[in-house]
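Just so you know, ligand 1 is whichever comes first in the structure, and atom 1 is the first atom listed for that ligand. Below, each value reflects all heavy atoms present in this structure, side chains not excepted, and no hydrogens, waters or symmetry copies.
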Amino acid sequence: MLAIIGGSGLTQLANLAVERREVVRTPYGEPSGPLTFGRLCSQPAIFIARHGYGHTIPPHEVNYCANLWALKQAGATCIVSIASVGSIRADLNPGAIIIPHQIIDYTWGRKSTFHEGGNTPVVHIDFTQPYDSELRLVLLEAAREAGQAVVDGSVYAATPGPRLETAAEINRLERDGADIVGMTGMPEAALARELELPYAAITVVANHAAGRGDSKLSIQFARLEDILRESMEQVRRIIEMICIEGK
Ligand code: HPA
C-alpha cells in the first residue's frame, strides 16, 4: 500500500477519498498526527502530514522514527515523500518539480536510526542509492502520464533548520555537489531503508536558495506560499497517476 508523507504546502490530500483516521502509538513516541486511510484512484493509500495537520511541527522536531514506524505498522509497502526545497542550481526556478536521486546529509542531533540502545546488534544499511530506483521510475512515469514536466535527478542537501541557510553555506553546498536544499529529507530516507520500505521523493522548488537569484539579499517569504499552492496542485495530479501494483 502506498503511503504519502506530505510536507509544507501539502497537509491534506484533496484527491484521497478518506475512509478513516487512526491515531497510532509507536515504541518511538507519537507520529506527527493520525494516519489518514483512504483510496487514491481506487488504490488503498495512507497519508500523514509531516509537520502535523496544523503545520505546527518544525523540521528538527518531526518524530521521523515514529512516522515511519507507524506507516510500516499500518501496512505501507512504499513511501512517497512530498517536500519543498530551495534551489541552488541556476536552472531550477521556483515552481520546478524535481525527483531527486541523491542526498547529502548535514543534519545533526536527530534520532537517525532504529538500531541503537540496549543490546540491539549493530546494523549498517546500504545507502549508496538513497532513493528507491524503481519507485523513482514510477514517479517519473506518473508525471509523464499527468503531462507534468519534472526534473529527473538532483542532489538533495538536508540541512538542520529551522532557520534558512546563509549565502556562504549555500555556496559550500554547491561546492559539495548539491542542487537543492531542504530540511526534512533526512533521516526520513534512511529510516525508510532500515524498515525496508522503498522510498522516493517529489520535491517542489519554493524559492531560490539564500544568496541566489531573487534571494540574493534575502528570502521573500511572502511569495513562497503562492508558489507552493500552485505547484502542489501539480504534485496532486502526479500523485493521482501513481500506480504501484505489486509493490
Ligand atoms: N532551504 C532549506 N529548506 C527549504 C528551503 C531553503 O531555501 N526552501 C524550502 N525548504
Would you mind writing out the side-chain donor-acceptor pairs for residues 232-242 within the sub-3.5 Å range, not counting sequence neighbours?
from   : atom 1 : to     : atom 2 : distance (Å)
Glu233 : OE2    : Arg236 : NH1    : 2.6
Arg236 : NH2    : Gln12  : O      : 3.4
Glu240 : OE2    : Asn15  : ND2    : 3.3

Quick one: side chains of residues 46-58, donor-acceptor pairs under 3.5 Å with protein atoms, not counting sequence neighbours, listed by atom name and distance.
from  : atom 1 : to     : atom 2 : distance (Å)
Arg50 : NE     : Glu188 : OE2    : 2.9
Arg50 : NH1    : Ile82  : O      : 2.9
Arg50 : NH2    : Ser81  : OG     : 2.9
Arg50 : NH2    : Glu188 : OE1    : 2.8
His51 : ND1    : Ile57  : O      : 2.7
Tyr53 : OH     : Pro34  : O      : 2.9
Tyr53 : OH     : Thr36  : OG1    : 3.0
Tyr53 : OH     : Phe47  : O      : 3.4
His55 : NE2    : Ser8   : OG     : 3.1

### Query
Is there a donor-acceptor contact under 3.5 Å from the side chain of Arg136 to the main chain of Ala200?
no
### Query
Does Phe37 offer a backbone N or O that forms a donor-acceptor pair with the side chain of Arg20 under 3.5 Å?
no
### Query
Tyr156 and Ile104: same hydrophobic cluster, using ILVMFWY side-chain contacts below 4.5 Å?
no
### Task
Hey, could you give me each pair passing ring-ring contact (aromatic ring centres under 6.0 Å, His included) that has a residue in residues 13-34? Not counting sequence neighbours.
Tyr28-Trp69, Tyr28-Phe114
### Query
Exactly which residues line ligand 1, taking a heavy atom under 4.0 Å from it as the test?
Ser84, Val85, Gly86, Leu164, Glu165, Val181, Gly182, Met183, Asn207
